[in-house]
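Input: a single structure, listed below in structure tokens.
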Protein chains: 2
Amino acid sequence: MRTVTIADVAKHAGVAVSTVSYVLSGKRAISATTSQRVMRSVRALGYHPNAGARALASKRSNVIALVLPLRAGMHLPVAMQFATSVVTTARQFDHDVLLMTADEGPDGLRRVAASALVDGLVLMDVEINDLRVPLLRELEEPSVLIGFPADASGLTCVDLDFARAGALCAEHLASLGHREIALLGAPHVVYQRGTGYAERTMEGFVEAGQALGLSAIALPCEEGFDEVCATVKTLLEGHPGLSGLVVHNEAAVGHVLGALRVLGRRVPEEVSVVAICPGDVAERASPPLTSVLIPAADVGHQAVRLLMSKLEGAPVPDATLLEPRLTVRQSTTPRL
Amino acid sequence: MRTVTIADVAKHAGVAVSTVSYVLSGKRAISATTSQRVMRSVRALGYHPNAGARALASKRSNVIALVLPLRAGMHLPVAMQFATSVVTTARQFDHDVLLMTADEGPDGLRRVAASALVDGLVLMDVEINDLRVPLLRELEEPSVLIGFPADASGLTCVDLDFARAGALCAEHLASLGHREIALLGAPHVVYQRGTGYAERTMEGFVEAGQALGLSAIALPCEEGFDEVCATVKTLLEGHPGLSGLVVHNEAAVGHVLGALRVLGRRVPEEVSVVAICPGDVAERASPPLTSVLIPAADVGHQAVRLLMSKLEGAPVPDATLLEPRLTVRQSTTPRL
DNA sequence: CCGGTCTATCGAAGCGCTTCGACGGTGTAT
DNA sequence: ATACACCGTCGAAGCGCTTCGATAGACCGG
């Protein structure tokens with residue numbers, strides 16, 4: 001069963017090859033009758049344009065790269081959500097997605113770009129000092145970053161506004177009358193690496209807390225149950241008046257609740273807890289957690305939209321920050 | 001900066017285009033001196049073959065599709081591990097990976113296959129009655145499934161031997177002297193959908209337990225803390241002699257430990273717990289859990305290896321079952 | 001009824017690569 | 001020396017598509 005080519009369609013429809021091409025691409029006006037005839041042939045023969053030939057002739061592969069480094073401390077489910085929303089959105093723009101990891105390093109990016117395998121790139125989990133960033137500036141291919149490197153000039157970046165997310169948590173707790181609050185963040189390693197979002201959340205939290213006249217402290221948090229327990233215990237002992245806790249660490253969220261249970265602090269009666277995490281984690285906890293959810297799907301969607309604009313030569317903003325939204329559930333309550 | 005083509009390399013090295021091609025592909029013998037000269041030119045010019053042109057001429061895109069449906073109850077981190085090991089392995093074979101979700105359904109597969117965008121397919125999370133399966137049989141392109149559909153004839157499937165994993169847990173508990181054991185599985189929805197691995201684990205567990213003369217029961221388990229708590233409570237009340245628990249549900253693992261803590265059952269002194277889950281989840285728990293880990297990386301690796309063999313026309317086994325391994329940690333102990 | 005303007009379609013020239021057959025040149029058996 | 005095989009290299013023919021310029025009508029105003 002030889003595969004069907006555009007020539008087969010043309011013959012079947014009794015038109016020229018170029019006419020079929022124009023019907024399919026819409027780049028020139030074709031009469032309705034011809035167009036219909038061609039489309040009927042396309043369906044009758046089950047024609048699918050050959051991707052390689054198309055790419056060669058048009059200099060567009062209709063594929064974008066999704067570069068997804070996998071590092072300690074990053075949360076896989078969120079990464080997965082990003083990835084799927086990128087794929088789904090790309091498909092809406094008639095593009096496919098090539099999945100790349102960081103194993104190959106910058107050379108991998110150079111390879112796929114130079115070989116014209118992809119038309120553009122979406123990079124996830126961008127670090128403050130990311131090796132891939134300087135390369136992006138050299139590349140012909142447009143790119144969009146999810147996250148912000150130290151120097152974002154000339155780049156297109158998208159992310160949740162984590163500073164605002166941190167601030168939102170502080171404000172929510174303040175509005176409930178809490179006066180001493182704390183944020184438990186990512187593991188140490190994440191900060192050492194300089195992954196911007198973790199730091200920005202802390203800063204936003206602490207600054208907003210102080211601006212509201214609260215005692216607000218932030219500290220990293222490892223992900224083992226025993227470590228979480230110890231951290232929470234020390235925290236509570238050092239700050240007896242502490243009544244509001246923000247957790248920005250998905251692996252630790254469950255453990256924090258377990259720790260509070262073990263330490264005999266009831267949630268929310270004695271300690272109000274806010275999580276910054278995906279919705280399902282928050283809902284699945286006991287009690288269901290008031291949370292700021294990470295809109296992974298939105299971020300992925302925006303990233304692709306921006307990339308598509310760049311591919312069409314349209315101007316796009318350098319920075320896109322998504323507004324966080326706080327959902328109140330049963331883990332926060334006014335301070336007694 | 002026009003992109004470098006094979007003609008540029010040929011001119012720079014003073015040879016014919018075809019010679020450059022043969023040097024790069026190794027499909028014909030080329031003298032060492034010519035070969036070196038060509039390679040020097042390749043490096044000097046920074047040549048990268050155009051993927052589209054290559055695909056068009058050779059009828060091979062050097063891209064494989066990774067089809068990753070996203071469904072309720074499936075565990076994202078494991079999926080992510082699969083994905084990355086697929087990408088890494090594919091790169092070792094000089095292939096790239098196109099990421100697809102299930103949104104497009106079988107049509108998406110048909111599209112990428114018919115357009116010669118990909119040379120082969122790896123499908124994850126295959127269901128007992130998977131719509132995509134009949135299509136695969138029609139396709140010219142070879143494919144490998146991760147998981148087993150009801151009718152696997154003529155297909156190549158890879159998976160962890162979940163029945164064996166369930167059995168292994170039962171045997172481990174039996175060897176420690178436990179006489180009444182239970183398995184907490186995936187949420188109901190997973191069984192309703194007919195996702196084979198969940199059922200196979202249960203069967204393996206129950207059969208091995210019975211063969212060893214134990215009381216072994218298995219039941220689904222939802223993922224919310226309160227639900228887990230209720231399930232565990234009911235279970236313990238209904239089976240006062242129960243001293244061994246297997247958990248095959250990553251989202252619930254943490255909650256099960258929390259539930260036992262709340263119910264005042266100490267682990268491992270009163271209840272031994274075995275988890276079937278990724279290593280990091282087991283290690284992060286308190287106490288660290290004896291576990292059978294899901295060798296996602298291995299499975300992905302095998303899947304790609306098999307696919308590459310098929311691409312080269314080599315015969316491959318229909319079914320590849322990976323042997324599970326149980327790691328003893330601190331959550332299991334001999335029955336008092 | 002002629003030049004001018006559109007519109008719908010065609011034909012052909014590539015895009016950059018692989019691959020097939022051809023062809024000198026060198027080595028080996030006769 | 002002659003025939004033959006073989007090795008290393010070349011040239012050219014596509015692969016299936018897009019796109020540019022050309023063309024043949026249809027339609028218009030003058």
Side-chain angles (χ1 to χ4, degrees), chain A residues 1-39 41-42 45-63 94 111-117 119 140, chain B residues 1-39 41-42 45-63 94 111-117 119 140:
Chain A
M1 187 177 89
R2 218 185 86 273
T3 83
V4 182
T5 74
I6 196 172
D8 300 327
V9 176
K11 193 177 302 171
H12 187 275
V15 299
V17 164
S18 50
T19 303
V20 176
S21 178
Y22 286 125
V23 168
L24 260 23
S25 71
K27 293 194 180 175
R28 279 198 188 176
I30 297 289
S31 70
T33 56
T34 308
S35 196
Q36 282 168 17
R37 195 144 37 87
V38 169
M39 289 312 294
S41 299
V42 164
L45 302 177
Y47 170 66
H48 287 269
N50 178 295
R54 193 206 273 278
L56 179 57
S58 67
K59 310 205 163 303
R60 286 298 215 91
S61 65
N62 275 32
V63 174
D94 195 30
R111 180 178 62 80
V112 295
S115 67
L117 225 190
D119 297 333
E140 306 270 317
Chain B
M1 189 176 90
R2 219 186 82 271
T3 84
V4 182
T5 74
I6 198 172
D8 300 326
V9 175
K11 195 177 300 172
H12 187 273
V15 299
V17 164
S18 50
T19 303
V20 176
S21 178
Y22 286 125
V23 168
L24 260 23
S25 71
K27 294 195 178 173
R28 277 197 190 178
I30 297 289
S31 69
T33 56
T34 307
S35 195
Q36 282 166 19
R37 197 144 37 86
V38 168
M39 288 313 292
S41 300
V42 164
L45 302 178
Y47 170 66
H48 287 269
N50 179 295
R54 194 205 272 279
L56 178 56
S58 68
K59 309 204 163 302
R60 284 297 214 93
S61 66
N62 275 32
V63 174
D94 195 32
R111 181 177 62 81
V112 295
S115 67
L117 224 189
D119 298 333
E140 306 270 315

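Naming convention: chains lettered A, B, ... in sequence-line order (proteins, then strands); numbering from 1 in each chain. Values reported hereafter were calculated over all heavy atoms of this structure, with side chains retained and with hydrogens, waters and symmetry mates removed.
Take A:His48 and apply the side chain to side chain donor-acceptor pair (under 3.5 Å) test, not counting sequence neighbours, and it matches no residue. For B:Ala113, the side-chain contact (heavy atoms from CB on, under 4.5 Å) partners at least two apart in sequence or on another chain are B:Leu139, B:Glu141. Not counting sequence neighbours, the partners of A:Val4 by the side-chain contact (heavy atoms from CB on, under 4.5 Å) test are A:Asp8, A:Val9, A:Leu45, A:Tyr47. Every side-chain contact (heavy atoms from CB on, under 4.5 Å) that B:Ala51 has, sequence neighbours left out, goes to A:Ser115, A:Leu117.
Using a 4.0 Å heavy-atom criterion, one finds that B:Val15 contacts the sugar-phosphate atoms exclusively.
The stretch residues 48-61 of chain A touches DNA chain C through A:Leu56, A:Ala57, A:Lys59, each having a heavy atom under 4.0 angstrom from the strand. Only B:Tyr22, B:Arg28, listed by number, bring a heavy atom of residues 20-28 of chain B to less than 4.0 angstrom from any atom of DNA chain D.
For the pair A:Val38/A:His12, no side-chain contact is recorded, criterion being any heavy-atom separation below 4.5 Å from C-beta on. Put simply, the side chain of A:Val20 reaches to within 4.5 Å of the side chain of A:Val15, judged on heavy atoms. Annotation: side chain of B:Val42 is not in contact with side chain of B:Val23 (no heavy-atom distance under 4.5 Å).
Judged as a salt bridge (charged side-chain N to carboxylate O under 4.0 Å, His left out), not a single pair has a partner in residues 11-20 of chain A (not counting sequence neighbours). Here side-chain hydrogen bond (donor to acceptor under 3.5 Å, both in side chains) pairs that include residues 28-37 of chain B, with residues two or more places apart or in two chains, are B:Ser31-B:Thr33, B:Ser31-B:Thr34.
At its two ends the helix from C:dC1-D:dG30 to C:dT30-D:dA1 runs along axes set 40° apart, each axis drawn from five pairs and the angle rounded to 10°.
Separating the CD1 atom in A:Ile30 from the OG atom in A:Ser18 is a distance of 8.0 Å, to the nearest 0.5 Å.
Judged by distance alone, the side chain of B:Asn62 and the main-chain N or O of B:Asp94 form a donor-acceptor pair under 3.5 Å.
Along DNA chain C, the stretch of nucleotides lying under 4.0 Å from any heavy atom of chain A spans, 5' to 3', C:dA8 to C:dG16.
You won't find any donor-acceptor pair under 3.5 Å spanning the side chain of B:Ser31 and the base of D:dG8, going by distance alone.
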Close N or O pairs between protein and nucleotides 25-28 of chain D (under 3.5 Å):
none

Would you be so kind as to tabulate the donor-acceptor pairs closer than 3.5 Å made by side chains of residues 53-60 of chain B, with sequence neighbours excluded?
from, atom 1, to, atom 2, distance (Å)
B:Ser58, OG, B:Arg54, O, 2.6
B:Ser58, OG, B:Arg60, N, 3.3
B:Ser58, OG, B:Arg60, O, 3.3
B:Arg60, NH2, B:Leu311, O, 3.1

